[in-house]
Each structure stands twice: as structure tokens, then as C-alpha cells.
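Encoded as C-alpha cells, the structure appears first; notes follow it.
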Amino acid sequence: MRSFQLLTCLAFLAVNLPASAEAPGAAPVVVSSSTAPMHGILNGKGSATLLHNASTGSKEASLSVLVLQGGAEVPEHVHETSVELLYVEEGRVEMVVGGKAVSASAGDAIRIPAGVKHSARVPPGNSAARAVQVYVGPGPEQRFTAGPRLNPPPMPGK
């Protein structure tokens, strides 16, 4: 059931994103999680695997996978020009979005409009939370590259 919900969300995005003027093949259709860069975030309490984004040629949206340990906190911030969508695959997150406290668990989806302040945390004592993160209007995910690279870069030609 959860896979169906995720596929529905991604299909909605694919249908509703503006058509690109790029030639077919300009950006990869498939980005392997085994070669996508994974960066440490939140002082070692999480990781972000960057799949589709500007560095892989996706100009319309980005897609990442976040894993946050229990007790991890994302401070309040805002993405002025990007809508953020999160699909919680595992665990539970507590958020404040536009001043309103919300909680989401595995199977739930979260939408944060552009320009709205938000923060998140995985309550201490809870197991890790894993979420698929989509930015419509890529760019905010690039902040994750400031964290240490947790997996080696792919070998040339692989």
C-alpha cells in the first residue's frame, strides 16, 4: 500500500511538472541509489541521498531520501521558491509548519508550500525516520552537500 501511495505522488508530480525543452536523454532517467551521493547531515544524526537534482540534470524538481535518527532536529527554515513534499516511509516525525504543530508517521505525506517556515524532529527514543523528499523547484537539497560524503564517488566509467 505504501509503495502505491508513493508512486501516486510521484506520478502526480511527473504529470504536473512543466514540459522541458531539453532533448530526450539530457538528464538521466534512472539514478541508482548505489551511485547517488549520500551526505551526513544534522551533526551525524542523519543522512541525505541526493538522487534527481540539478547536478544530475533535473531542472524541474529534485528527489532525495532522508534518514533521521531519534532525537534529530531540523531547525526552522524556509524555502522561498520551492514547494517541499515529504513521504514518510518509516518512523514518525513531528513538525511545525507555518506555526502549526503536525505529526506524520509511515504512510503519511506532508506538503510545505514555498515561503512557509517549518522545522522537524524525530522524537528522542524513537527509531529512525526515513522519508522521500521532493522539491518542486530544485535547489534547497544542495545544502546537504555541505555535509561529509558518506559513500565513495562512483568510479569513472561505471
Side-chain angles (χ1 to χ4, degrees), residues 2-24 26-31 33 36-43 45-69 71-123 126 128-150:
R2 289 185 188 130
S3 295
F4 173 76
Q5 291 168 330
L6 176 60
L7 291 174
T8 301
C9 177
L10 293 175
F12 173 82
L13 284 172
V15 169
N16 289 290
L17 287 174
S20 174
E22 296 178 61
V29 173
V30 175
V31 175
S33 62
M38 178 191 297
H39 292 275
I41 59 174
L42 303 175
N43 296 316
K45 289 194 171 202
S47 66
T49 303
L50 305 177
L51 296 158
H52 287 285
N53 59 66
S55 69
T56 60
S58 178
K59 296 177 183 175
E60 304 85 7
S62 69
L63 185 134
S64 304
V65 175
L66 303 178
V67 177
L68 306 177
Q69 302 303 316
E73 294 191 25
V74 178
E76 185 178 72
H77 62 287
V78 65
H79 312 293
E80 292 295 339
T81 60
S82 300
V83 173
E84 181 176 358
L85 301 172
L86 293 161
Y87 176 78
V88 182
E89 289 185 310
E90 298 174 19
R92 185 173 132 241
V93 295
E94 295 174 347
M95 300 185 73
V96 176
V97 179
K100 181 180 178 187
V102 297
S103 181
S105 298
D108 293 340
I110 303 155
R111 179 181 176 275
I112 304 162
V116 173
K117 290 182 182 179
H118 57 285
S119 62
R121 74 183 201 116
V122 177
N126 281 260
R130 178 182 168 97
V132 174
Q133 178 185 54
V134 174
Y135 288 113
V136 179
E141 76 287 347
Q142 293 304 308
R143 72 185 185 281
F144 300 137
T145 63
R149 178 88 183 240
L150 300 179

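Just so you know, residue 1 is the first one in the sequence shown, and it goes up from there.
- A donor-acceptor distance shorter than 3.5 angstrom exists from the side chain of Ser82 to the backbone of Gly137, with no hydrogens or angles considered.
- Every residue two or more places apart in sequence or in another chain that forms a ring pair (Phe, Tyr, Trp, His ring centres under 6.0 Å) with His118 is listed here: His77, His79.
- Taking the side chain as every heavy atom from C-beta outward, Leu51 and Thr56 never approach each other to under 4.5 Å.
- For the atom pair Ile110 CD1 and Tyr87 OH, the distance stands at 11.5 Å (nearest 0.5 Å).
- In this structure, CD on Glu94 lies 4.5 Å from CZ on Arg121, to the nearest 0.5 angstrom.
- Closest of all the heavy-atom pairs between Glu90 and Ala106 is CA-CB, 4.0 Å.
- Two residues are said to be in side-chain contact when any heavy atoms from C-beta on lie closer than 4.5 Å; Thr49 and Val67 fail this criterion.
- To the nearest 0.5 angstrom, Gln133 atom CD is 6.5 Å from Ser62 atom OG.
- Inter-residue side-chain proximity for Ser119 and Glu73 is flagged as unmet; no heavy-atom pair is nearer than 4.5 Å.
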Could you walk me through whether Leu86 and Val93 pass the side-chain contact (heavy atoms from CB on, under 4.5 Å) check? CA-CA 11 Å; Leu86 293 161; Val93 295; over 6 Å; no
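- When all heavy atoms of Ala129 and Arg92 are compared, the closest pair comes out as CB-O, 4.0 Å.
- Between Leu63 and Val31 the shortest side-chain heavy-atom distance does not fall below 4.5 Å.
- Paired with Glu84 under the rule side-chain contact (heavy atoms from CB on, under 4.5 Å), one option of Val134, Ile112, Val116 passes, and it is Ile112.
- Put simply, the side chain of His39 reaches to within 4.5 Å of the side chain of Leu50, judged on heavy atoms.
- The two atoms that bring Thr81 and Ala114 nearest to each other are C-CB, 3.9 Å, heavy atoms only.
- One finds the CD1 atom of Ile41 at 9.5 Å from the CG atom of Leu150 (value rounded to the nearest 0.5 Å).
- The list of ring-ring contact (aromatic ring centres under 6.0 Å, His included) pairs with a residue in residues 92-114, not counting sequence neighbours, is empty.
- Between Leu66 and Phe144, some side-chain heavy-atom pair lies under the 4.5 Å cut-off.
- Residue pairs meeting the salt bridge (Lys or Arg N to Asp or Glu O under 4.0 Å) criterion with at least one member in residues 130-144, sequence neighbours excluded: Glu89-Arg130.
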